Amino acid sequence: MADRHPSSRSYLVGALLARTGDEMAGPALLLAGLALTGSATGATSLLAAVTVSAAIGGPVLGALLDRSPRPGRLLAGALVLYATGLAVALGTLGRGPVAVTLLVAVVTGLLGPALSGGWTAQLPRTVPAGRLPRANALDAMTFGAAGLAGPALAGGAAEALGAPTAVVVSAVLIAAAAPAAWRLPPVSGPAPAPVSGPTAKSRAAPLTGFVTSGVRAIAGSRPLARATLTSVLSCSAQGMMTVCLPLLGERAAGGAGFGAALLSCAALSALLANAALARHPHAVAFDTVLWAAPLLQAAALALAATGGPVALVVAVAVVGLAEGPQLTALFAVRHREAPERLRAQVFTTGASLKITGFAVGAAVAGPLADRFPSGALLVAAGIAALAVPACFAVRPGGGPTRPTTHA
């Protein structure tokens, strides 16, 4: 994934470290929760807590990044605080009131979008404009590579050293990305002035007003709205799948760590698909990928519900085959459609919605997976399939498309 541009190389290394730690953190927290509480519901509550607060944190973090002349330094601080929060949540798990652990996880989750949308929003400043499509595919590949390494590291560390150690390793990886974030290029020229509505306001404008500008930018653009909606529904289905895999892995191979490591199959498929896109960035109609990928995911999740070990591995790999191009398409649409002055907000708000969708899916799947994991996967398949009609129903402003008499 190396690039000849020094800023781009540093960007990709930092993104890979941070995202590997993040991809490791989810399964590690889930396994730690299972080990220390003995309940899938308790474990999924912890995973949901660290992700659900992103709905608030993403827009605020994006607004701060858009207003900062050195957003990389703000990003570095967010990474360190996120890693610290994971360590504190682990330290309280099983040693104090559950409410305290969940509160720490919720506060930590406010910074979650820094590792995804907050980082990706800085990409255009690290490469020449003509190389952005290829850089965009490489950026998406860091998610695939992280998704490949993170769950495998979580499962391996949990089996060899214990689930709590896996959480510690994930926190260290996230903190190790802070120097790369610190070195990201500053904003060229004066920082963009906050804009709310049709007229520009001064940088002294209230942050609360500026935060809503990113939300309106997404809701007011059909490409951004449909990309965001389909990605949120897909992430909800993926959250349900993530909860089910440790339980299904335990039944199929006798170990929950095997189930967590199965996520690496999805990441490998995603990585290979995005590697092809990096070589041929203009070979795919990204707007088509937005609806085709969830349809493929739905079919794969339905296959996984059959419960057979071979079907489970194949299904998870197919989920990744769809997930990789979907992420590249999502980034391409955001880079193309987001107003420059609101770029970070569009990315972090979209990321926060995806993370929240994942959290809701995980929370819903927990009680169901305790009793019937295959049933939870069938529900996940239905949610993924719902993204297809939703993609075509979106119009600017977020409402349904009005009937027309022409194509």
Side-chain angles (χ1 to χ4, degrees), residues 14-15 17-37 42-65 71-119 146 150-151 153-154 157-158 162-182 239 242 348-349 351-360 362-363:
L17 284 171
R19 289 162 179 169
T20 299
D22 192 35
E23 291 288 346
M24 186 178 180
L29 284 172
L30 191 61
L31 293 171
L34 284 170
L36 298 177
T37 68
T44 54
S45 295
L46 177 60
L47 180 59
V50 82
T51 52
V52 72
S53 57
I56 298 173
V60 175
L61 178 62
L64 292 172
L65 289 170
R73 296 184 177 182
L74 180 61
L75 200 58
L79 294 175
V80 172
L81 290 175
Y82 188 82
T84 302
L86 290 176
V88 173
L90 176 64
T92 62
L93 185 63
R95 297 180 176 85
V98 175
V100 174
T101 301
L102 295 181
L103 178 61
V104 172
V106 167
V107 174
T108 302
L110 293 171
L111 299 169
L115 286 74
S116 51
W119 199 294
L153 287 172
T165 301
V167 178
V168 172
V169 174
S170 71
V172 170
L173 288 174
I174 292 168
W182 186 273
T242 300
T348 57
T349 298
S352 72
L353 292 172
K354 286 183 63 180
I355 294 171
T356 301
F358 183 94
V360 171

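In this text, all values refer to a predicted model and were calculated from it rather than measured experimentally.
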Please lay out, stage by stage, how Leu153 and Val169 fare under the test side chain to side chain contact (heavy atoms under 4.5 Å, CB included).
CA-CA 9 Å; Leu153 287 172; Val169 174; 5.6 Å; no
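- Leu79 and Ala18 get closest at one heavy-atom pair: CD2-CB, 4.3 Å.
- Looking at residues two or more places apart in sequence or on another chain, you find a side-chain contact (heavy atoms from CB on, under 4.5 Å) between Leu17 and Val13, Leu173, Ala176, Ala177.
- Pairs passing the side-chain hydrogen bond (donor to acceptor under 3.5 Å, both in side chains) check and including a residue from residues 165-180, sequence neighbours excluded, do not occur.
- Rounded to the nearest 0.5 angstrom, Leu115 CG and Arg19 CZ are separated by 8.0 Å.
- Closest approach of Ser352 and Gly58 over heavy atoms only: CB-CA, 3.7 Å.
- Side-chain contact between Val106 and Val50 is absent, with no heavy-atom pair separated by less than 4.5 Å.
- Between Ala158 and Ala166 the shortest heavy-atom distance is N-CB, 4.3 Å.
- Residue pairs meeting the side-chain hydrogen bond (donor to acceptor under 3.5 Å, both in side chains) criterion with at least one member in residues 96-111, sequence neighbours excluded, are Thr92-Thr101.
- Residues Leu110 and Tyr82 fail the side-chain proximity criterion, which asks for heavy atoms closer than 4.5 Å.
- Among residues two or more places apart in sequence or in another chain, the side-chain contact (heavy atoms from CB on, under 4.5 Å) test is passed with Leu81 by Leu111.
- In this structure, Leu75 and Leu65 approach most closely via the heavy-atom pair N-CD2, 4.3 Å.
- Among residues two or more places apart in sequence or in another chain, the side-chain contact (heavy atoms from CB on, under 4.5 Å) test is passed with Val360 by Thr356, Val364.
- When side chains are defined from C-beta on, Ile174 counts as touching Leu86, because their heavy atoms get closer than 4.5 Å.
- Shortest non-hydrogen contact noted between Pro113 and Leu61 is C-CD2, 4.1 Å.
- Taking all atoms of both residues into account, the shortest heavy-atom contact from Ala32 to Val167 is CB-CG2, 4.1 Å.
- Put simply, CH2 on Trp182 and CG on Leu74 are 10.0 Å apart, with the number rounded to the nearest 0.5 Å.
- Val80 is linked by a side-chain contact (heavy atoms from CB on, under 4.5 Å) to Thr84, Ala178, counting only residues two or more places apart in sequence or in another chain.
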